[in-house]
Amino acid sequence: MNFTVSSSALNSRLQILSKVLNPKNSLPILECFLFDVKGQTLVLTASDGENVATAQLVLESADMDGSFAVRSSDMLDTLKELPEQPISFNVNLEGNTIDVRYQNGEYHIVGDDANVYPHTPTLESECSVFTIDAGVLVNAVSRSIFAIANEEIHPAMNGICFDLTTDYLAIVSCDGHKLVRSREHDIKADTPSMFILPRKPAGVLKNILDKGVGDVVVKFTSKAAEFNFENGSLYCRLIEGKFPNYNAVVAQKNPNQMVIDRKSMLSSIRRVLPFASESSELVRLHVTSGNLEISSEDIDFAKSAKENLYCEYNGNPMSIGFRGTGLMEVLTNLECDSVQFDLADPSRPGLIHPSEESGNEDVLMMLMPMLLSE
């Protein structure tokens, strides 16, 4: 079997798929990528036994169909050093020998039998299904990952919850200190259902999906989910259990509202944070009409910092403290020009969201405050 493919295109797909692989596998074949040539298309597969990702490439030429497996390190170490050029594979499917030729060289490797590679599990015939735009899904997953918990007692919080209701699809993560909720109001179902996507496949999905590929068809049961899109797919095992009632913890009455430029506030926090105590990372926000004072202090090293920014504020003067890194994560993962803070008092969570929502999506982040010592 002979086929030719772009070196940079192949390398980019394999680099993404490699995130699925585990350094230590019970099955040696899972250290390999599966190559499957079908007509003029190359389907690449990587698996760790629980998660299976595929990506498709259009070949420049191919003379027959066939499949083989090859160790991931043999491909990745060579391809990452090659400039963009066509590379040709000459594969002996019976002996599993592979000759790879490129502009000024070639190398010879031994592959593995594709028949030994585990088949991707199939979902049960009765599963829930919805369709979502790839860009919307990527954005929702990307902004949620930083708030995934790492809990032994409550493993259901160690992933992103997809809550499909009769009114919307909510994509939620929460670690007890931070909460992220994205609601897509144009996606709904007659029968409510829910699944929890673990951190690892969430990261793979974020990297493997191109925002411009169109729609993603999501199928899921109580144990597994499958994401199918134009140039690939992802199958993964799910976290079993019930996600906490996230709506119950979202503060309902936060009457004090502040609107501020997101990038200006993010830059200010980055400058002020190095002057905060390393143990607490406490950043104090003192907000009055037209002004936000951002300050930090480290008493042990006698250092402090303070900056003032313009803001719109309609409440009583207030001082509230947050962990600086948490504030930075929230502001970094929002894609908007200005953000709105909904505050109640210094002891209650702050709600942060874009000051203007677009389309049928609303995004909300909640951050627990830190106690201030006067």
Worksheet entry | Donor-acceptor pair, side chain of Ser7 and main chain of Ile87, under 3.5 angstrom | no
Practice prompt. Can you sort out the partners of Arg262 under salt bridge (charged side-chain N to carboxylate O under 4.0 Å, His left out), two or more places apart, ordered by chain and number?
Written response: none
Practice prompt. Determine yes or no for a side-chain-to-main-chain donor-acceptor pair under 3.5 angstrom, with Glu60 supplying the side chain and Thr4 the backbone.
Written response: no
Worksheet item: Applying salt bridge (charged side-chain N to carboxylate O under 4.0 Å, His left out), which residue pairs with at least one partner in residues 42-55 are found, sequence neighbours left out?
Response: Asp48-Lys200
Discussion item. Side chains of Ser233 and Glu226: any donor to acceptor distance under 3.5 Å?
Written reply: no
Worksheet entry | Over all atoms of both residues, closest heavy-atom pair of Ile132 and Val136 | CD1-CG1, 4.0 Å
Fill in: Working for side chain to side chain contact (heavy atoms under 4.5 Å, CB included), residues Phe220 and Phe130
CA-CA 9 Å; Phe220 63 96; Phe130 67 87; 3.8 Å; yes
Discussion item. Enumerate the side-chain hydrogen bond (donor to acceptor under 3.5 Å, both in side chains) contacts for residues 234-245, please, sequence neighbours excluded, ordered by first and then second residue.
Written reply: none
Discussion item. According to salt bridge (charged side-chain N to carboxylate O under 4.0 Å, His left out), who are the partners of Asp362, at least two apart in sequence or on a separate chain?
Written reply: Arg183
Practice prompt. With sequence neighbours left out, write down each residue that passes ring-ring contact (aromatic ring centres under 6.0 Å, His included) with Tyr246, or none if nothing qualifies.
Written response: none
Discussion item. Using the rule salt bridge (Lys or Arg N to Asp or Glu O under 4.0 Å), only one of Glu361, Glu329, Glu335 pairs with Arg143; which is it?
Written reply: Glu361
Fill in: Results of side chain to side chain contact (heavy atoms under 4.5 Å, CB included) for Asp261 - residues two or more places apart only
Lys263, Ser264
Worksheet entry | Criterion side chain to side chain contact (heavy atoms under 4.5 Å, CB included) on Ser72 and Phe33, from CA distance to verdict | CA-CA 6 Å; Ser72 58; Phe33 293 120; 3.4 Å; yes
Worksheet item: Just checking, is any N or O donor in the side chain of Asn291 or Glu293 under 3.5 Å from an acceptor N or O on the other one?
Response: no
Worksheet item: Does a donor on one side chain sit under 3.5 Å from an acceptor on the other, for Arg181 and Asn247?
Response: yes
Discussion item. For a quick test of reading the model, state the closest non-hydrogen atom pair linking Gln257 to Asn314 and the distance between them.
Written reply: N-OD1, 2.9 Å
